[in-house]
Asks: 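This structure is in C-alpha coordinates; I'll ask about it shortly.
Both backbone and side-chain heavy atoms feed into the values below; hydrogens, waters and symmetry mates do not.
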Amino acid sequence: MALVLGFGLSFIGTAPMAGPLALLVLDRALAAQRAAAFWISLAGALVEGVVAGAVATFLPLVLPHSGAIVQLARLSGALVIFVVGAALVLYPGVLEAIKTERKRQSFVAGFLATALNPTLLATWTVTVTALHASELLRGGWLAGLAFGAGVAVGALAWFAVILWLSRYGSLNRLTRYRPVFGRAIGVILVVVGAALFIRALV
(Lines give C-alpha, C1' and ligand atoms only; values in the text may rest on other atoms or scores of the structure.)
Protein backbone atom coordinates (compact mmCIF):
# COMPACT_ATOMS: atom_id res chain seq x y z
CA MET A 1 0.00 0.00 0.00
CA ALA A 2 2.79 2.45 0.91
CA LEU A 3 4.58 1.70 -2.36
CA VAL A 4 1.45 2.26 -4.45
CA LEU A 5 0.53 5.42 -2.55
CA GLY A 6 4.03 6.81 -3.01
CA PHE A 7 4.03 6.09 -6.73
CA GLY A 8 0.55 7.47 -7.38
CA LEU A 9 0.97 10.65 -5.38
CA SER A 10 4.40 11.33 -6.83
CA PHE A 11 3.38 10.67 -10.43
CA ILE A 12 0.29 12.89 -10.14
CA GLY A 13 1.91 15.51 -7.93
CA THR A 14 4.98 15.95 -10.12
CA ALA A 15 2.91 16.96 -13.14
CA PRO A 16 2.31 20.61 -12.19
CA MET A 17 5.76 20.99 -10.61
CA ALA A 18 7.49 24.20 -11.69
CA GLY A 19 10.57 23.97 -9.49
CA PRO A 20 14.25 24.18 -10.50
CA LEU A 21 14.41 20.47 -11.36
CA ALA A 22 11.48 20.58 -13.77
CA LEU A 23 12.86 23.72 -15.42
CA LEU A 24 16.24 22.11 -15.92
CA VAL A 25 14.76 18.92 -17.37
CA LEU A 26 12.45 20.83 -19.72
CA ASP A 27 15.32 23.05 -20.84
CA ARG A 28 17.44 20.02 -21.73
CA ALA A 29 14.50 18.37 -23.48
CA LEU A 30 14.00 21.59 -25.45
CA ALA A 31 17.65 21.38 -26.54
CA ALA A 32 17.25 17.67 -27.43
CA GLN A 33 19.75 16.72 -24.70
CA ARG A 34 17.68 13.78 -23.53
CA ALA A 35 20.53 11.84 -21.93
CA ALA A 36 21.35 14.81 -19.69
CA ALA A 37 17.65 15.28 -18.94
CA PHE A 38 17.38 11.62 -17.89
CA TRP A 39 20.29 11.77 -15.42
CA ILE A 40 18.98 15.04 -14.01
CA SER A 41 15.56 13.42 -13.58
CA LEU A 42 17.03 10.32 -11.97
CA ALA A 43 18.99 12.32 -9.39
CA GLY A 44 15.97 14.47 -8.60
CA ALA A 45 13.69 11.45 -8.25
CA LEU A 46 16.12 9.75 -5.86
CA VAL A 47 16.38 12.84 -3.66
CA GLU A 48 12.61 13.27 -3.59
CA GLY A 49 12.21 9.60 -2.68
CA VAL A 50 14.67 9.96 0.19
CA VAL A 51 12.89 13.06 1.53
CA ALA A 52 9.45 11.44 1.32
CA GLY A 53 10.73 8.17 2.77
CA ALA A 54 12.44 9.94 5.67
CA VAL A 55 9.29 11.87 6.55
CA ALA A 56 7.23 8.65 6.42
CA THR A 57 9.81 6.71 8.45
CA PHE A 58 10.11 9.25 11.24
CA LEU A 59 6.41 10.14 11.22
CA PRO A 60 5.97 9.83 15.04
CA LEU A 61 8.75 12.39 15.52
CA VAL A 62 7.53 14.64 12.70
CA LEU A 63 3.87 14.90 13.71
CA PRO A 64 4.28 17.09 16.82
CA HIS A 65 6.35 19.59 14.82
CA SER A 66 4.68 19.24 11.42
CA GLY A 67 3.14 22.71 11.54
CA ALA A 68 6.45 24.45 12.18
CA ILE A 69 8.25 22.30 9.60
CA VAL A 70 5.68 23.08 6.91
CA GLN A 71 5.66 26.81 7.70
CA LEU A 72 9.45 27.12 7.56
CA ALA A 73 9.68 24.99 4.40
CA ARG A 74 6.95 26.99 2.69
CA LEU A 75 8.60 30.33 3.45
CA SER A 76 12.05 29.19 2.36
CA GLY A 77 10.61 27.39 -0.65
CA ALA A 78 8.79 30.54 -1.77
CA LEU A 79 12.05 32.46 -1.51
CA VAL A 80 13.85 29.83 -3.59
CA ILE A 81 11.19 30.00 -6.31
CA PHE A 82 11.32 33.81 -6.29
CA VAL A 83 15.14 33.88 -6.52
CA VAL A 84 15.18 31.31 -9.33
CA GLY A 85 12.56 33.32 -11.21
CA ALA A 86 14.45 36.59 -10.74
CA ALA A 87 17.66 34.93 -11.95
CA LEU A 88 15.89 33.72 -15.10
CA VAL A 89 14.42 37.17 -15.77
CA LEU A 90 17.79 38.89 -15.41
CA TYR A 91 19.88 36.12 -16.96
CA PRO A 92 17.60 34.02 -19.22
CA GLY A 93 20.54 31.90 -20.35
CA VAL A 94 21.39 30.75 -16.83
CA LEU A 95 19.93 27.28 -17.44
CA GLU A 96 22.11 26.84 -20.52
CA ALA A 97 25.18 27.79 -18.49
CA ILE A 98 24.74 24.80 -16.17
CA LYS A 99 27.18 22.12 -17.27
CA THR A 100 25.48 18.79 -18.05
CA GLU A 101 27.62 17.37 -20.84
CA ARG A 102 28.67 14.41 -18.68
CA LYS A 103 26.59 11.97 -16.65
CA ARG A 104 28.19 13.09 -13.41
CA GLN A 105 27.51 16.76 -14.14
CA SER A 106 23.89 16.01 -15.00
CA PHE A 107 23.44 13.89 -11.87
CA VAL A 108 24.95 16.55 -9.62
CA ALA A 109 22.79 19.25 -11.25
CA GLY A 110 19.65 17.19 -10.66
CA PHE A 111 20.70 16.38 -7.11
CA LEU A 112 21.33 20.01 -6.17
CA ALA A 113 18.22 21.32 -7.94
CA THR A 114 16.11 18.98 -5.81
CA ALA A 115 18.03 18.93 -2.54
CA LEU A 116 18.06 22.74 -2.34
CA ASN A 117 14.29 22.97 -2.87
CA PRO A 118 12.64 23.19 0.60
CA THR A 119 9.14 22.94 -0.85
CA LEU A 120 9.59 19.18 -1.11
CA LEU A 121 9.83 18.90 2.67
CA ALA A 122 6.64 20.91 3.09
CA THR A 123 4.82 18.94 0.40
CA TRP A 124 5.68 15.51 1.76
CA THR A 125 5.16 16.50 5.39
CA VAL A 126 1.62 17.63 4.58
CA THR A 127 1.00 14.57 2.40
CA VAL A 128 2.32 12.03 4.90
CA THR A 129 0.45 13.68 7.77
CA ALA A 130 -2.80 13.52 5.77
CA LEU A 131 -2.21 9.86 4.90
CA HIS A 132 -1.53 9.07 8.55
CA ALA A 133 -4.72 10.87 9.63
CA SER A 134 -6.64 8.75 7.10
CA GLU A 135 -4.94 5.60 8.49
CA LEU A 136 -3.46 4.86 5.07
CA LEU A 137 0.16 5.15 6.14
CA ARG A 138 1.92 4.43 9.40
CA GLY A 139 5.41 5.35 10.47
CA GLY A 140 8.29 2.89 10.56
CA TRP A 141 11.29 1.99 8.46
CA LEU A 142 9.45 -0.58 6.30
CA ALA A 143 6.58 1.75 5.39
CA GLY A 144 9.01 4.63 4.92
CA LEU A 145 11.26 2.61 2.63
CA ALA A 146 8.33 1.43 0.49
CA PHE A 147 6.79 4.89 0.36
CA GLY A 148 10.09 6.54 -0.57
CA ALA A 149 10.73 3.96 -3.30
CA GLY A 150 7.26 4.56 -4.72
CA VAL A 151 7.79 8.32 -4.72
CA ALA A 152 11.15 8.01 -6.51
CA VAL A 153 9.75 5.71 -9.19
CA GLY A 154 6.65 7.90 -9.65
CA ALA A 155 8.69 11.09 -10.11
CA LEU A 156 11.06 9.39 -12.54
CA ALA A 157 8.13 7.90 -14.47
CA TRP A 158 6.57 11.33 -14.99
CA PHE A 159 9.81 12.77 -16.37
CA ALA A 160 10.27 9.64 -18.51
CA VAL A 161 6.87 10.33 -20.09
CA ILE A 162 7.93 13.92 -20.84
CA LEU A 163 11.19 12.77 -22.41
CA TRP A 164 9.41 10.09 -24.42
CA LEU A 165 6.93 12.65 -25.77
CA SER A 166 9.77 15.01 -26.64
CA ARG A 167 11.19 12.41 -29.04
CA TYR A 168 8.09 12.68 -31.20
CA GLY A 169 7.69 16.45 -31.04
CA SER A 170 9.40 19.21 -32.94
CA LEU A 171 11.22 20.61 -29.91
CA ASN A 172 14.46 20.93 -31.87
CA ARG A 173 12.96 23.86 -33.77
CA LEU A 174 12.38 25.67 -30.49
CA THR A 175 16.00 25.47 -29.30
CA ARG A 176 16.77 29.02 -30.42
CA TYR A 177 13.94 30.28 -28.21
CA ARG A 178 15.44 28.90 -25.00
CA PRO A 179 16.30 32.37 -23.61
CA VAL A 180 12.76 33.58 -24.31
CA PHE A 181 11.39 30.46 -22.64
CA GLY A 182 13.66 31.03 -19.64
CA ARG A 183 12.64 34.68 -19.20
CA ALA A 184 8.92 33.89 -19.53
CA ILE A 185 9.15 31.12 -16.94
CA GLY A 186 11.19 33.47 -14.75
CA VAL A 187 8.40 36.07 -14.71
CA ILE A 188 5.88 33.38 -13.77
CA LEU A 189 8.11 32.08 -10.96
CA VAL A 190 8.65 35.57 -9.54
CA VAL A 191 4.89 36.06 -9.31
CA VAL A 192 4.30 32.56 -7.93
CA GLY A 193 7.13 32.88 -5.39
CA ALA A 194 5.86 36.23 -4.12
CA ALA A 195 2.30 34.89 -3.89
CA LEU A 196 3.40 31.77 -2.01
CA PHE A 197 5.48 33.83 0.43
CA ILE A 198 2.57 36.16 1.20
CA ARG A 199 0.22 33.20 1.55
CA ALA A 200 2.60 31.48 3.97
CA LEU A 201 2.72 34.60 6.14
CA VAL A 202 -1.04 35.09 6.26
Asks: Is any side-chain heavy atom of V51 closer than 4.5 Å to a side-chain heavy atom of T114?
Replies: no

Asks: Once rounded to the nearest 0.5 Å, what's the spacing between atom CG of L9 and atom CD1 of I12?
Replies: 6.5 Å

Asks: Taking the side chain as every heavy atom from C-beta outward, state whether F159 and I40 have any pair of such atoms under 4.5 Å apart.
Replies: no

Asks: Going by side chain to side chain contact (heavy atoms under 4.5 Å, CB included), F147 matches just one of L137, L142, T57. Which one?
Replies: L137

Asks: Cluster question for you: counting only ILVMFWY and a side-chain heavy-atom cut-off of under 4.5 Å, with indirect links fine, are L131 and L3 together?
Replies: no

Asks: Give, for atom CD1 of I198 and atom CG of L75, the distance between the pair rounded to the nearest 0.5 Å.
Replies: 11.5 Å

Asks: Measure across L116 and V80 and return the closest heavy-atom pair with its distance rounded to 0.1 Å.
Replies: O-CG2, 3.9 Å

Asks: Count I, L, V, M, F, W, Y as connected when their side-chain heavy atoms are under 4.5 Å apart, and connections chain through other members. Are V126 and V50 then in the same cluster?
Replies: no

Asks: Which atom pair, heavy atoms only, marks the closest approach of A155 to A45?
Replies: CB-CB, 4.0 Å

Asks: Quick one, V70 with T129, criterion side chain to side chain contact (heavy atoms under 4.5 Å, CB included). Give me CA distance, side-chain angles, the key distance, then yes/no.
Replies: CA-CA 11 Å; V70 170; T129 301; over 6 Å; no

Asks: Mind checking whether L23 and L90 sit in one hydrophobic cluster, side chains of I, L, V, M, F, W, Y counted as touching below 4.5 Å?
Replies: yes

Asks: Looking at every heavy atom in both H132 and L59, which two are closest together, and how far apart are they?
Replies: ND1-CD2, 3.3 Å

Asks: Grab the two heavy atoms, one from I98 and one from A109, that are nearest each other, plus how far apart they are.
Replies: CG2-CB, 4.1 Å

Asks: Can you give me the closest heavy-atom contact between A56 and V128, atom names plus distance?
Replies: CA-CG1, 4.0 Å

Asks: Is there a path from L189 to Y91 through hydrophobic residues (I, L, V, M, F, W, Y) whose side chains come within less than 4.5 Å of each other?
Replies: yes

Asks: Among N117, L156, V151, which one satisfies side chain to side chain contact (heavy atoms under 4.5 Å, CB included) with E48?
Replies: V151

Asks: Write down the atom of A43, the atom of F111, and the distance for their closest heavy-atom approach.
Replies: CB-N, 3.5 Å

Asks: In Å, rounded to the nearest 0.5 Å, how long is the span from OG1 of T125 to CG of L120?
Replies: 10.0 Å

Asks: Surrounding CD of E101 (heavy atoms of other residues, nucleotides or ligands, distance under 6.0 Å), is the total greater than 12?
Replies: yes

Asks: Take T119 and L196 through the test side chain to side chain contact (heavy atoms under 4.5 Å, CB included) and record every step on the way to the result.
Replies: CA-CA 11 Å; T119 55; L196 289 176; 5.8 Å; no

Asks: Keeping the roles fixed (side chain from R28, backbone from R34), state whether a donor-acceptor pair exists under 3.5 Å.
Replies: no

Asks: If only atom types and distance count, is the side chain of S76 paired as donor or acceptor with the main-chain N or O of A73 below 3.5 Å?
Replies: yes

Asks: Is it true that W164 and V25 fall in one hydrophobic cluster, defined by side-chain heavy atoms closer than 4.5 Å?
Replies: yes

